[in-house]
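Chain A is the first sequence line, chain B the second, and so forth, proteins listed ahead of strands; every chain is numbered from 1. Nothing here was measured: the structure is a model prediction, and the numbers come from that model.
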Amino acid sequence: MSVIVLVDGEPLAVTIAHGADGLVGRVGDVEYRGTIRRDGETWRIELGERVLLATVVRAADAVWIAADGEIYRCVLAAEERAAAGTARVATPRVTAPMPGKVLEVVVAPGQRVAAGDPLVVLEAMKMETVASAESAGVVTRVHVSVGAMVEPGQLLVELDPS
Amino acid sequence: MSVIVLVDGEPLAVTIAHGADGLVGRVGDVEYRGTIRRDGETWRIELGERVLLATVVRAADAVWIAADGEIYRCVLAAEERAAAGTARVATPRVTAPMPGKVLEVVVAPGQRVAAGDPLVVLEAMKMETVASAESAGVVTRVHVSVGAMVEPGQLLVELDPS
Amino acid sequence: MPSVTAVLIANRGEIAVRIIRSCRALGVRAVAVYSEADADAPHVRLADAAVAIGPAPARASYLDVAALIAAARASGADAVHPGYGFLSENAAFARAVADAGLTFIGPPPAAIAAMGDKVAARTMMERAGVPVVPASGVLPPDAGAFASAAAVTGYPVVIKAAAGGGGKGMRIVREATALPDAIRAAAREATAAFADGRIYLERYLERPRHVEVQVFGDTHGRLVHLGERECSIQRRHQKIVEETPSPAVTPELRAAMTEAAVRAARAVDYVGAGTVEFLLDQHGRFYFLEMNTRLQVEHPVTEWTTGVDLVREQILVARGAPLSFATVTPRGHALECRLYAEDPARQFLPATGIVHVLVEPAGAGVRFDGGIARGSVVGVEYDPMLAKISTWGATREEARTRMLAALRETVLLGVVTNRDYLRAVLAHPAFVAGATHTEFLAAHFADWRPGPGAERARVAIAAALALTSRAVGDSESDGARRAAASPFATLGGWRSGGTAA
Amino acid sequence: MPSVTAVLIANRGEIAVRIIRSCRALGVRAVAVYSEADADAPHVRLADAAVAIGPAPARASYLDVAALIAAARASGADAVHPGYGFLSENAAFARAVADAGLTFIGPPPAAIAAMGDKVAARTMMERAGVPVVPASGVLPPDAGAFASAAAVTGYPVVIKAAAGGGGKGMRIVREATALPDAIRAAAREATAAFADGRIYLERYLERPRHVEVQVFGDTHGRLVHLGERECSIQRRHQKIVEETPSPAVTPELRAAMTEAAVRAARAVDYVGAGTVEFLLDQHGRFYFLEMNTRLQVEHPVTEWTTGVDLVREQILVARGAPLSFATVTPRGHALECRLYAEDPARQFLPATGIVHVLVEPAGAGVRFDGGIARGSVVGVEYDPMLAKISTWGATREEARTRMLAALRETVLLGVVTNRDYLRAVLAHPAFVAGATHTEFLAAHFADWRPGPGAERARVAIAAALALTSRAVGDSESDGARRAAASPFATLGGWRSGGTAA
């Protein structure tokens with residue numbers, strides 16, 4: 001099995017195989033041999049010299065691992081790419097960076113904007129966040145209106161970069 | 001469904017049925033109507049006026065429930081009886097009251113004992129506990145020897161009460 | 001003498017839990033309220049009774065005065081504790097509680113109202129001889145008016161909400177051209193947060209420390225202070241690390257600040273727990289900022305050093321009892337860190353998710369005040385503060401190193417938090433030296449990113465297994481697994497008894 | 001000056017966790033050891049490194065001197081902390097540690113040996129002018145010899161192990177006819193517990209209080225006390241509730257007892273943390289009982305009132321540092337309750353099982369020292385103490401009511417504990433009045449049974465569903481369940497949206 005795991009966003013190429021004496025894992029150029037055993041959320045990772053006693057849980061969007069005083073959030077790069085792929089289209093699309101409520105729609109279709117111009121003002125927990133244009137263009141569609149609740153990644157505004 | 005539930009050892013007759021407006025539970029002579037919903041270990045017990053937010057887990061031998069600052073250990077009387085039934089035979093059998101190690105076997109087959117006489121001395125965590133005769137009789141068999149590890153309920157000594 | 005035998009806690013999260021604990025120790029019944037989003041929250045579970053008050057949005061639940069008073073009546077409560085935030089500084093709520101024949105556990109409505117109008121309070125403080133920062137009165141939301149006022153106070157200036165607090169509606173402006181945008185944003189935030197869009201302007205102090213004094217008054221005319229707290233470590237005007245005593249406050253300065261704080265409280269005939277906030281500039285001059293007429297988030301550090309349970313004292317004072325202490329003799333040093341569901345590496349964006357695992361820190365000199373538990377859903381409806389960790393030490397350094405150890409022990413899986421950011425702050429040489437000010441984070445942590453974890457390679461192997469197998473939490477039940485003979489289940493297809501290479 | 005940069009902790013459970021915490025705050029590496037039964041125990045998880053030392057039986061792991069010293073060497077530790085119990089009062093172990101070139105975090109072996117022989121220690125204390133209870137020397141395990149000695153001291157008498165401590169090998173005898181059985185049992189227990197069957201006899205005091213004094217010495221000749229602890233609430237000579245200060249100790253008595261304790265420690269050139277135990281009779285006379293040459297289980301109450309981290313101080317003193325304090329000024333009152341896996345309604349039979357749920361108490365003035373976590377297996381191999389809960393208050397009553405609230409908050413499902421027994425003890429009028437003595441439990445709680453829970457009827461309905469359906473933890477995975485849209489899964493076949501009748 002070969003996969004790319006994003007560990008806190010850092011892509012690591014991981015290959016795992018059965019070895020004669022247990023599990024053989026390879027991360028980049030480094031090989032680790034040993035065993036991994038689990039008792040519920042507790043995983044005992046014995047790869048190389050050190051024993052790691054980790055807590056491993058699978059959330060909806062990632063696997064979370066606590067080990068040695070650190071917390072790691074891990075996703076498969078393939079899944080991350082697949083999710084990102086659906087959002088990446090030719091037309092620049094401005095999406096909600098956070099969950100929240102639309103406080104103000106600053107632009108209207110047909111309006112020309114410069115990079116950095118505010119498009120939509122969002123509020124979550126009484127903190128305002130502005131969704132701005134990443135590049136110049138003309139607003140083609142506005143998908144939200146004031147008062148709407150938006151999810152992270154939800155499409156707010158489409159721009160025509162031409 | 002009608003069962004007898006031992007709640008901390010106290011037998012309670014419980015009947016549960018579907019009602020027009022939810023669950024109908026009867027404990028002894030008292031009827032409770034409402035709903036029970038769970039989210040993992042958290043159970044929301046809305047029966048009658050009060051909402052009980054309980055933590056419910058099933059262990060190997062019982063269901064444990066924490067509610068309103070109290071902890072309840074619950075088993076089905078049928079299962080308790082079934083377990084007890086296998087142990088209850090005509091011949092008085094003295095079983096281990098706790099897990100531990102046999103420190104001393106005080107009696108031997110053929111020996112006559114009075115009620116309260118020590119039969120076997122057990123040790124667990126360096127505390128001694130004596131398994132004594134509940135009634136007078138003659139020792140017919142001794143099932144353990146010094147140094148043996150015993151489980152709770154394990155047969156130690158059989159007596160002939162005649 | 002008012003009866004306080006059952007307290008309705010008009011709040012949620014960690015502060016509701018914290019108030020329940022003092023109620024229980026006092027033998028007072030604690031009645032929780034909850035929105036639909038909080039039906040199985042820890043404060044509901046811990047209370048003696050709980051009343052549903054409405055849907056998730058705070059406006060329809062925790063801010064609904066009528067629903068809260070109805071809940072108090074239905075549950076037989078004879079008193080209401082507002083906690084902090086929500087309606088805690090709302091004089092109308094305090095009056096409504098009193099009108100319903102219930103005891104409000106807080107200051108008199110008049111004191112709340114007097115300090116709630118930040119502009120009027122400023123004027124009153126000036127008259128009482130408490131130093132204030134040069135400022136305008138309330139101005140129309142107009143660039144010209146603000147420009148004129150700024151010319152008097154000098155730049156930089158800060159635009160603030162007259163009804164405000166907690167950084168809501170605040171905008172710092174360093175030059176006149178930035179005024180229009182800032183005025184618009186501040187007015188809008190003020191309206192949204194306080195239903196009152198009035199704004200004003202004041203001189204902005206560069207790199208001041210935020211130092212506040214805890215005061216307490218009883219109904220017998222006694223008014224005392226419990227020392228200061230420094231709360232300079234702020235992101236977007238939101239405190240995240242607090243401590244007492246302040247590393248910058250000398251005994252002489254403390255005497256002057258605490259005296260001024262008591263004078264400020266006395267000017268409004270203050271009763272109960274309150275906090276007088278000051279800015280302390282680099283020359284040791286301090287200026288009245290505002291008075292918070294309620295319990296403060298960071299009150300545990302004062303409890304650590306003084307030994308006074310501030311919530312217990314609030315309840316006793318509400319009953320008409322005299323203060324249980326004449327003066328306090330603080331001991332040692334205490335720190336608090338606020339654990340937020342937010343991503344410090346992404347502009348502190350609020351994070352959401354489910355708390356799948358929660359390990360709370362514990363041990364000598366460590367206190368955890370939490371409002372979450374395993375299974376809690378962290379949404380966007382409420383403030384993203386999940387818990388507070390406070391530590392005490394005989395010295396600041398002991399408290400600091402205990403905090404670092406406690407943060408390391410704190411494990412929350414399923415929601416991004418600022419835990420590692422807090423660890424970095426506590427470990428920064430400037431923090432170690434006590435060189436703190438309100439621009440500390442902007443100066444030292446603007447580009448902070450979490451470092452790569454030391455065990456990420458081996459973690460990646462485990463993650464690869466977890467992400468590609470159905471072994472994690474998918475197969476057997478907990479009960480069934482536990483009952484199995486082997487203490488360890490062999491993972492997925494990776495059965496192996498081999499030893500490390 | 002000895003280097004202490006990495007400490008091997010030759011222990012397990014809550015005390016190992018507690019020591020790791022102080023190590024971490026000091027920046028000292030903490031190395032855990034574990035038997036096969038403890039492979040995933042909290043102390044292993046929390047440490048910087050962990051070494052397997054053998055199978056579950058303590059004799060083959062936590063009591064295996066060679067394995068421990070090998071583990072220290074392999075892990076690069078330069079010091080060893082023994083905790084309490086196990087090898088903590090074993091002079092040979094202390095010597096072996098020193099011989100291996102490691103620093104023993106504890107008193108000099110000579111002091112351990114001197115106080116370890118209870119009979120010799122008694123003689124030494126008499127010579128040092130510390131009051132002792134009338135007693136015999138070591139006697140042959142023979143009824144005649146004991147009867148003669150008892151005739152001198154007068155009945156009741158107590159038979160004790162010469163090498164003993166912690167109640168092991170003790171038997172109270174009220175008349176000569178009971179001597180033979182008691183001698184046999186005491187000798188056997190002494191052999192089993194200490195590999196030393198020597199026993200002796202002393203006058204048994206009726207209903208005394210157990211009052212002990214914490215002492216601390218450094219390598220520069222300074223030796224101080226940190227006040228007393230009362231530990232009278234004992235079942236089978238095992239302390240379960242401790243407090244400081246003692247309700248029975250007046251300032252004059254405290255001065256006399258602490259002076260005697262320091263004198264006792266000085267007689268053996270004591271260094272480090274130690275405890276001098278006294279019995280206090282009903283006339284205010286006190287008698288030396290024994291000195292424990294180690295950290296005591298109940299040390300947290302002293303930490304609460306004095307603000308001194310005793311483990312940190314142990315490490316600093318082991319490094320050769322002078323004591324960090326000259327005298328202490330205790331503040332307020334602290335209580336500790338020991339949470340045991342045992343059934344108080346069934347002669348305190350040890351209980352076993354799996355910790356399925358653990359909710360630790362928290363908040364102001366509450367400290368939880370635990371050695372277990374969700375999933376921990378509680379077996380019979382080790383001491384059944386699972387955790388300690390300690391509370392502080394400005395007054396004894398505040399500490400007591402906080403303890404009651406904290407015990408109520410403590411939820412452990414899956415293993416029977418003494419939690420409700422402790423709640424009953426803390427709520428008893430005699431305890432409230434401070435009328436405590438070592439026969440307190442025998443006098444007031446001999447027939448204690450837990451009361452029926454107030455919610456047992458509705459709990460029974462839920463239990464019936466849980467016991468007869470496969471709904472509990474059997475169906476979906478946590479992850480899958482959490483991801484579902486509805487916050488509540490409808491139970492089994494009991495789908496219903498109806499309201500309460």
Side-chain angles (χ1 to χ4, degrees), chain C residues 17-18 21-22 24-27 36-37 39-40 46 300 303-304 307-312 324-325 329 331-332 354 356 359-370 373-375 377 392-394 398 401-406 408-409 414 470 472-475 477-480 482 487-488, chain D residues 17-18 21-22 24-27 37 39-40 46 300 303-304 307-312 324-325 329 331-332 354 356 359-370 373-375 377 392-394 398 401-406 408-409 414 470 472-475 477-480 482-483 487-488:
Chain C
V17 168
R18 192 259 166 275
R21 286 180 168 138
S22 282
R24 177 147 292 132
L26 267 177
E36 284 169 14
D40 61 351
L46 204 56
E303 297 186 323
W304 269 121
V308 175
D309 179 333
L310 292 172
V311 174
R312 175 193 179 93
S324 70
F325 53 90
T329 311
R331 180 163 89 176
I354 290 161
H356 286 282
V359 179
E360 304 178 3
V366 175
R367 172 176 167 187
F368 184 85
D369 284 279
R374 173 185 275 252
V377 177
W392 179 91
E398 188 177 30
T401 54
R402 273 185 176 160
M403 181 62 85
L404 281 169
R408 187 186 192 276
E409 265 189 53
R470 295 189 53 79
V472 189
D474 279 14
S475 46
S477 74
D478 235 45
R482 293 289 180 206
F488 275 105
Chain D
V17 168
R18 193 260 165 274
R21 286 179 169 138
S22 282
R24 177 148 293 133
L26 266 176
D40 60 352
L46 204 57
E303 297 186 323
W304 269 121
V308 175
D309 179 332
L310 292 172
V311 174
R312 175 192 178 93
S324 70
F325 53 90
T329 312
R331 181 164 88 175
I354 290 162
H356 286 282
V359 179
E360 305 178 3
V366 176
R367 171 176 167 187
F368 184 84
D369 285 279
R374 174 185 275 253
V377 177
W392 179 91
E398 187 177 30
T401 53
R402 273 184 176 161
M403 181 62 84
L404 281 170
R408 188 186 192 276
E409 266 189 52
R470 295 189 54 79
V472 189
D474 279 14
S475 47
S477 73
D478 235 46
R482 293 289 180 207
F488 275 106

Segment of C:D309 engaging chain D (4.5 angstrom heavy-atom cut-off):
both
Interface check, chain C: of D:A362, D:G332, D:A405, most non-hydrogen pairs under 4.5 Å belong to D:A362
Using heavy-atom distances under 4.5 Å, tell me whether C:W304 contacts chain D through its side chain, its backbone, both, or neither.
both
Worked check of side chain to side chain contact (heavy atoms under 4.5 Å, CB included) between C:W392 and C:R367
CA-CA 9 Å; C:W392 179 91; C:R367 172 176 167 187; over 6 Å; no
Please look at C:S324 and chain D and tell me whether the side chain, the backbone, both or neither of the residue comes under 4.5 angstrom of a heavy atom of that chain.
neither
Atom pair CZ/CG of C:R402 and D:L26 - distance to nearest 0.5 Å
9.5 Å
Minimum heavy-atom distance between C:G307 and D:A394, given as atom pair plus value
O-CB, 4.3 Å
Run the salt-bridge test on C:R24 and D:E409 with the 4.0 Å N-O cut-off and return the result as yes or no.
no
Show the nearest heavy-atom pair for residues D:D369 and D:P300, with the distance to one decimal.
OD2-CG, 4.1 Å
Please classify the contact between D:L404 and chain C as side chain, backbone, both or neither, with a heavy-atom cut-off of under 4.5 Å.
neither
Most heavy-atom pairs under 4.5 Å with chain C, out of D:E303, D:R18, D:R331, belong to D:R331
